[in-house]
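The structure under discussion appears below in the form of structure tokens.
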Number of protein chains: 2
Amino acid sequence: MTRARPMRADARRNYERLLTAAAEAFAEHGEGASLDDIAKRAGVGSGTLYRHFPTRQALLEAAYVDRVEAFAVRADELGARLPPGEALVAWLNELCVGTLQVRGMKALLGSAVTDGAGRAVPACATSVKDAAARLVEAAQREGTLRADVEPMEVLRLAHGLASAAELVGGDGGCGSIRRYVTLLTEGLRPAR
Amino acid sequence: MTRARPMRADARRNYERLLTAAAEAFAEHGEGASLDDIAKRAGVGSGTLYRHFPTRQALLEAAYVDRVEAFAVRADELGARLPPGEALVAWLNELCVGTLQVRGMKALLGSAVTDGAGRAVPACATSVKDAAARLVEAAQREGTLRADVEPMEVLRLAHGLASAAELVGGDGGCGSIRRYVTLLTEGLRPAR
DNA sequence: ACCTGAACACCGTTCAAGT
DNA sequence: ACCTGAACACCGTTCAAGT
């Protein structure tokens, strides 16, 4: 961990402003929001944005860390309250809905579970992965989840379900999430 | 159907050139390939590109119609050769692999199964949907597919699986497709 | 009827000059 | 040490002028 030396007062202020402006802009225009516009909203030169956040993804991550961490916390809450199998399903539902409700979140979580060679994995990825691992392993011990699935697979499939639900018109797909999670859980084979 | 009056010779030539150039560019740079670059490759003014293809999606579709139709044909081939349930699974595998192998195809097929209010549905969507419907219904009659799933759901889920597999590094996800299709087919519950 | 390409607006990124 | 904003390269889109 690089220990952050405290920032100069104006730098810290600009940093905060950029985060606020970014959260607004991403919410309005999604992942592709104009960086120039974000700098303008923050009342900051565009160079300052690049100084603090060298890539779009770095900014996206910084703006959404809290929400991502909240997913991890939520996993443990559900894990404490429900039987493991139910907890996992409930969490997947919430994760997918959150993915679709917060614009730009899908891209961020997607990059968190990507393992391409040259890709930058956001720092917040670890907490989600660990949270998923705890739920997955508990459900497997309970015997309600296939023993051969890995936490990363589950997270990638969740990303896939969100992508699938996104194609449904109306409320941006949130209404279809439950259905798709059920289909994945139970499988496409007929119930016996 | 709008009956197309034959194009002027130069128009037809430009149209063809644009399609070739577009196929090349999309293959190299994916869905977001520069339109200006495509016009340049085709040796055509940028206005001409817009005349023939008012939107990026229109161009993408025109460049890939043949491949999309091939998916539909392939569905019937598999349907004739295999038991319905197996045919569906085999087709989903091929569909997902094709989605990932041909750059830009995922976006095109995605828009084909989207039913957002203002979205333009590509014309080639019908043949894929019909093909999927034939496989789905046959498998349901056979009893190897849940009776309550609709063809569109299956297509959207296939899109989702492709998105999930895409997150795996290496060969662009093709190697993971079979696994993900299996997980969807059998479900995440343990085998009994 | 169709084509061309300049013109415009917009965006990402860099960097010299400033404090 | 950090900020600013002009400068550059690039892209999508339109449209007046041309054939």
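Not measured: the values here are computed from a predicted model.
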Nearest atoms (heavy-atom pairs only) where B/Ala162 meets B/Ile177
CA-CD1, 4.1 Å
Less than 4.0 angstrom from a charged side-chain N to a carboxylate O is my criterion; do A/Arg134 and A/Asp130 meet it?
no
List, with names and distances, any nitrogen or oxygen atoms from the protein found under 3.5 Å away from nitrogen or oxygen atoms belonging to nucleotides 2-9 of chain C.
| residue | atom | partner | partner atom | Å |
| --- | --- | --- | --- | --- |
| C/dC2 | O4' | B/Arg8 | NH2 | 3.4 |
| C/dC3 | OP1 | B/Asn14 | ND2 | 2.6 |
| C/dT4 | OP2 | B/Gly45 | N | 2.9 |
| C/dT4 | OP2 | B/Thr48 | OG1 | 2.9 |
| C/dG5 | O6 | B/Gly47 | N | 3.2 |

Proximity to DNA chain C (any heavy atom under 4.0 Å), residues of residues 21-41 of chain B only
none
Taking CG from A/Leu60 and C1' from C/dG12, how many angstroms apart are they, rounded to a whole number?
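Nearest whole value for this atom pair: 16 Å.
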Gap between atoms CG and C1', on B/Leu59 and D/dG12 respectively (whole Å):
13 Å
Which pairs of donor and acceptor atoms, one on a side chain in residues 23-32 of chain A, lie under 3.5 Å apart (sequence neighbours left out)?
| residue | atom | partner | partner atom | Å |
| --- | --- | --- | --- | --- |
| A/Glu24 | OE1 | A/Arg41 | NH1 | 3.2 |
| A/Glu28 | OE1 | A/Arg41 | NH2 | 3.0 |
| A/Glu28 | OE2 | A/Arg41 | NH1 | 3.2 |

Under a 4.5 Å cut-off applied to non-hydrogen side-chain atoms, are [X] and [Y] in contact?
X	Y	result
B/Glu150	B/Val154	no
A/His52	A/Met7	yes
B/Tyr64	B/Glu69	no

Per-residue pairing states of DNA chain C in dot-bracket (Watson-Crick or G-U under 3.5 Å; . unpaired, | other strand) read ||.|||||...|||||.||
Rounded to the nearest 0.5 Å, how far apart are CG of B/Leu92 and CZ of B/Arg178?
11.5 Å
Between A/Glu142 and A/Thr144: side-chain donor-acceptor atoms closer than 3.5 Å
yes
Salt bridge (Lys or Arg N to Asp or Glu O under 4.0 Å) partners of B/Arg146, counting only residues at least two apart
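Only A/Glu186, B/Asp148 meet the salt bridge (Lys or Arg N to Asp or Glu O under 4.0 Å) criterion with B/Arg146.
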A/Phe53: partners by ring-ring contact (aromatic ring centres under 6.0 Å, His included), with sequence neighbours left out:
A/Tyr15
